[in-house]
Amino acid sequence: MIPTRKRVLALGLALLFTLSSCGKQDSDAASGSPSPSAEPSSSAQVTPEPEPTTPDVPLVPWPTDQVVEHLFFHPVVAYPELAFDGDSEANGIDDYMVTVDEYNKILQSCYDNNYILVNMNDVWSEYTDENGELRMRRNTFMVPEGKKPLVISYDDTNYYPYMLENGFTWKLIIGDDGEIWSYGKDPQGNDVISQDLDAITILDKFVEEHPDFSLNGVKGCLSLTGYQGILGYRTQTDTDHPEPEFEANRQKEIAAVKPIVQKLKETGWYFGSHTWGHVRLSTISDERLQRDTQRWFDEVGSIVGPTQILFYPHGARPDGDHDQGDPGPQFRYLQSQGFRIFASVGINSYEQVKKQISAVIIDRLHPDGTTLRWRRKDYLQFYDTWDVIDLAVRPTRPYDRNPG
């Protein structure tokens with residue numbers, strides 16, 4: 001039986017990451033048949049959430065010349081003993097992930113430093129200029145006095161099958177209480193259903209306990225590929241498996257994940273594309289880009305709905321540089337498909353509204369093992385990496401020991 005919120009079933013699970021910056025696949029097709037799924041309880045109902053509110057604090061405009069900070073995470077490590085067990089994945093996970101304990105400390109510190117979560121769709125909007133051309137602009141939006149806006153996004157929230165052996169959660173489910181839980185297995189192979197082992201459910205609980213950490217109930221943006229399904233459900237097509245049984249199971253997985261997607265949307269989560277095949281946009285051919293984009297729309301967008309947000313896999317940009325000239329044919333193609341916010345990765349939060357096309361490019365910061373070890377100064381406005389990093393569970397590797 002899937003538990004209610006008051007009946008938390010201990011720890012959870014396993015997931016893997018093969019890490020070339022934030023994902024393994026960089027191809028058009030994936031092999032392997034869909035795995036059996038732990039179905040949500042048949043009694044679980046998705047009920048509308050009450051309208052979210054923000055505590056009664058005076059609202060003030062956030063200046064358009066001040067950046068909206070943006071942090072992004074990969075899936076968090078639930079079981080360090082599986083993630084950092086010395087196998088071929090351990091150092092990659094150490095580089096690109098944080099543990100549950102580290103993630104909890106980061107959320108608490110961001111809250112203590114007066115950040116408040118906002119929806120990145122509210123930060124910029126499209127308008128028609130004096131020449132009748134569509135362009136993007138930074139909005140002046142209102143935040144509670146004393147608060148600073150923060151966007152959080154999560155790459156690769158697909159629960160890839162190869163993650164299952166390396167100490168992560170396996171999938172999201174809906175419990176008997178109608179809430180989102182994670183499912184997986186502990187190091188001994190026991191089923192675990194929890195809200196304390198997954199980045200998504202942890203943030204849900206944190207906002208419930210600290211409603212002033214969120215502007216009107218906003219949570220974060222989930223950045224999805226499609227080549228091995230979404231949210232732990234194997235919704236992908238596969239050219240290696242044309243048999244009817246594969247398609248029948250795929251349709252079953254699609255039906256199972258749709259209530260999860262709906263519940264996430266109702267509780268402040270929203271979605272962005274990470275391309276279907278986690279493709280490197282700086283080197284991809286035009287033909288493959290178009291095929292990959294259409295496949296994302298067919299297999300992911302058809303489930304999660306439309307989005308204007310594209311997160312670059314590997315941080316690789318298709319428009320070359322942060323310039324204001326012609327962004328090139330591939331960027332123009334992606335923009336023509338409805339994308340307006342293009343997110344890369346950088347050494348600070350950055351934004352630039354394109355002048356020649358209706359689009360905005362942004363960079364986001366990346367809390368992970370690399371920055372916890374080497375970039376303390378760059379993150380002090382959010383948290384002190386020395387207070388966050390758990391060297392007792394991570395591999396023994398160099399880190400910055402210099403003060404300041």
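All residue numbers refer to positions in the sequence shown, counting from 1. Quick caveat: nothing in here was measured; it's all calculated off a predicted structure.
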Open item on the list: Check for me whether the distance between the ring centres of Phe331 and Phe342 falls short of 6.0 Å.
Closed with: yes
Do any side-chain atoms of residues 118-125 form donor-acceptor pairs under 3.5 angstrom with protein atoms, and if so which ones, sequence neighbours left out?
unit_1: Asn119; atom_1: OD1; unit_2: Asn121; atom_2: N; d: 2.8
unit_1: Asn119; atom_1: OD1; unit_2: Asn121; atom_2: ND2; d: 3.1
unit_1: Asn121; atom_1: OD1; unit_2: Gln308; atom_2: NE2; d: 2.9
unit_1: Trp124; atom_1: NE1; unit_2: Glu351; atom_2: OE2; d: 3.4
unit_1: Ser125; atom_1: OG; unit_2: Asn139; atom_2: OD1; d: 2.7

Open item on the list: Under the criterion side chain to side chain contact (heavy atoms under 4.5 Å, CB included), I'd like the reasoning laid out for Glu299 against Thr237: C-alpha separation, chi angles, the key distance, then a yes or no.
Closed with: CA-CA 8 Å; Glu299 297 184 20; Thr237 57; 2.3 Å; yes
Task: Main-chain N/O of Pro313 paired to Arg280 side chain as donor or acceptor, under 3.5 Å - done: no
Task: Minimum heavy-atom distance Glu81-Pro187, with the two atoms named - done: OE2-CG, 3.3 Å
Task: Residues Arg364 and Asp155 bridged, charged N to O under 4.0 Å - done: yes
Task: Those residues that, when tested against Tyr115, pass ring-ring contact (aromatic ring centres under 6.0 Å, His included) (two or more places apart) - done: Phe382
TODO: Compute the ring centroids of His74 and His366, then answer whether they are less than 6.0 Å apart.
DONE: no
Task: Polar contact flag, side-chain donor to acceptor under 3.5 angstrom, Ser358-Glu126 - done: yes
Open item on the list: Are there over 12 heavy-atom neighbours, none belonging to Ile347, within less than 6.0 Å of that residue's CD1?
Closed with: no
Open item on the list: Could you check whether any side-chain N or O of Lys265 sits under 3.5 Å from a backbone N or O of Ile260, counting only pairs where one atom can act as donor and the other as acceptor?
Closed with: no
- [ ] Test side chain to side chain contact (heavy atoms under 4.5 Å, CB included) on Phe72 and Val345 and set out the steps.
- [x] CA-CA 9 Å; Phe72 95 92; Val345 182; 3.6 Å; yes
Task: Mutual orientation of the aromatic rings belonging to Tyr227 and Tyr160 [parallel < 30°, tilted 30-60°, perpendicular > 60°] - done: parallel
- [ ] Check whether any side-chain N or O of Lys171 sits under 3.5 Å from a backbone N or O of Ser182 as a donor-acceptor pair, and report yes or no.
- [x] no
Open item on the list: Is any side-chain heavy atom of Ser273 closer than 4.5 Å to one of Leu224?
Closed with: no
- [ ] With sequence neighbours left out, write down each residue that passes ring-ring contact (aromatic ring centres under 6.0 Å, His included) with Phe297, or none if nothing qualifies.
- [x] Phe339
Open item on the list: Restricting to non-hydrogen atoms, name the atom on Val98 and the atom on Pro367 that form the minimum distance, rounded to 0.1 Å.
Closed with: CG1-O, 3.8 Å
Open item on the list: Is it the case that over 12 heavy atoms from other parts of the model lie below 6.0 angstrom from the NZ atom of Lys148?
Closed with: yes
TODO: Please list, chain by chain and in numerical order, all residues satisfying side chain to side chain donor-acceptor pair (under 3.5 Å) with Asp298, sequence neighbours excluded.
DONE: Gln294
Open item on the list: Given 3.5 Å as the limit, does a donor-acceptor pair link the side chain of Thr267 with the main chain of Leu264, or not?
Closed with: yes
TODO: Please state whether the rings of Tyr379 and Tyr383 are parallel, tilted or perpendicular, taking 30° and 60° as the class boundaries.
DONE: tilted
TODO: Using modelled atom types only, decide if a donor and an acceptor are shared between the side chain of Ser153 and the backbone of Cys221 within a distance under 3.5 Å.
DONE: no
Task: For Ser349 against Val68, the heavy-atom pair lying closest together - done: CB-O, 4.1 Å
Task: Within the 6.0 Å centroid threshold, strictly below: Tyr233 and Tyr159 - done: no
Open item on the list: Looking at Asp95 and Arg373, is there a salt bridge between them, counting it only when a charged N and a carboxylate O are closer than 4.0 Å?
Closed with: no
Open item on the list: As a quick check of understanding, evaluate side chain to side chain contact (heavy atoms under 4.5 Å, CB included) for Trp296 and Thr225, giving each step before the final call.
Closed with: CA-CA 7 Å; Trp296 191 91; Thr225 62; 5.8 Å; no
Task: Residue pair Thr235 / Glu253, side-chain donor-acceptor N/O under 3.5 Å - done: no
Task: Non-hydrogen atoms of Gln228 and Pro161 that approach each other most closely - done: OE1-CD, 3.2 Å
Open item on the list: Which label fits Phe246 and His241: parallel for a plane angle under 30°, tilted from 30 to 60°, or perpendicular past 60°?
Closed with: parallel
TODO: Give a yes or no on whether a salt bridge exists between Arg291 and Glu287, defined as a side-chain N under 4.0 angstrom from a carboxylate O.
DONE: yes
Task: Non-hydrogen atoms of Gly315 and Ser344 that approach each other most closely - done: O-OG, 2.8 Å
Open item on the list: Taking the basic N atoms (NZ, or NE/NH1/NH2) and the acidic carboxylate oxygens, is any pair closer than 4.0 Å for Asp212 and Lys147?
Closed with: yes
Task: side-chain contact (heavy atoms from CB on, under 4.5 Å) partner of Leu117, chosen from Val207, Leu215, Asn216 - done: Val207
Task: Pro211 backbone acceptor or donor facing Ser214 side chain under 3.5 Å - done: no
Task: Test item: side-chain donor near acceptor, Gln108 and Asp112, under 3.5 Å - done: yes
Task: Ion pair Asp326/Arg332, N-O distance below 4.0 Å - done: yes
Task: Salt bridge flag under 4.0 Å for residues Glu247 and Arg250 - done: yes
- [ ] Please determine, by modelled atom types, if Thr201 and Asp204 share a side-chain donor-acceptor pair under 3.5 angstrom.
- [x] no
Open item on the list: Using modelled atom types and a 3.5 Å cut-off, is there a donor and acceptor pairing between side-chain atoms of Asp94 and backbone atoms of Ala90?
Closed with: no
- [ ] Walk me through it: do Val388 and Ser109 pass the test side chain to side chain contact (heavy atoms under 4.5 Å, CB included)?
- [x] CA-CA 9 Å; Val388 170; Ser109 183; 5.8 Å; no
Task: Arg295 side chain vs Trp276 backbone, donor-acceptor pair below 3.5 Å - done: no
Open item on the list: If you apply the rule salt bridge (Lys or Arg N to Asp or Glu O under 4.0 Å), what do you find for Asp400 with Arg375, and how did you get there?
Closed with: CA-CA 8 Å; Asp400 185 3; Arg375 297 265 301 281; over 6 Å; no
TODO: Measure across Gly178 and Lys263 and return the closest heavy-atom pair with its distance rounded to 0.1 Å.
DONE: O-CE, 2.9 Å
- [ ] Spell out, as yes or no, whether a donor-acceptor pair under 3.5 Å connects the side chain of Asn158 to the backbone of Gly229.
- [x] yes
Open item on the list: Tell me whether Arg376 is salt-bridged to Asp384, with the criterion being a basic N under 4.0 Å from an acidic carboxylate O.
Closed with: yes
Open item on the list: I'd like to know if Arg394 and Glu102 make a salt bridge, using a cut-off of under 4.0 Å between side-chain N and carboxylate O.
Closed with: yes
TODO: Only counting residues at least two apart or in another chain, list the ones meeting side chain to side chain donor-acceptor pair (under 3.5 Å) with Tyr103.
DONE: Tyr154
TODO: Name all residues meeting the salt bridge (charged side-chain N to carboxylate O under 4.0 Å, His left out) criterion together with Arg135; count only those two or more places apart in sequence or in a different chain, and write none if there are none.
DONE: none
Open item on the list: Under the side-chain hydrogen bond (donor to acceptor under 3.5 Å, both in side chains) test against Asp319, which residue among Gln330, Gln335, Lys354 passes?
Closed with: Lys354
TODO: Before accepting this row, confirm whether a basic side-chain N of the pair Arg138/Asp65 lies closer than 4.0 Å to the acidic partner's carboxylate O.
DONE: no
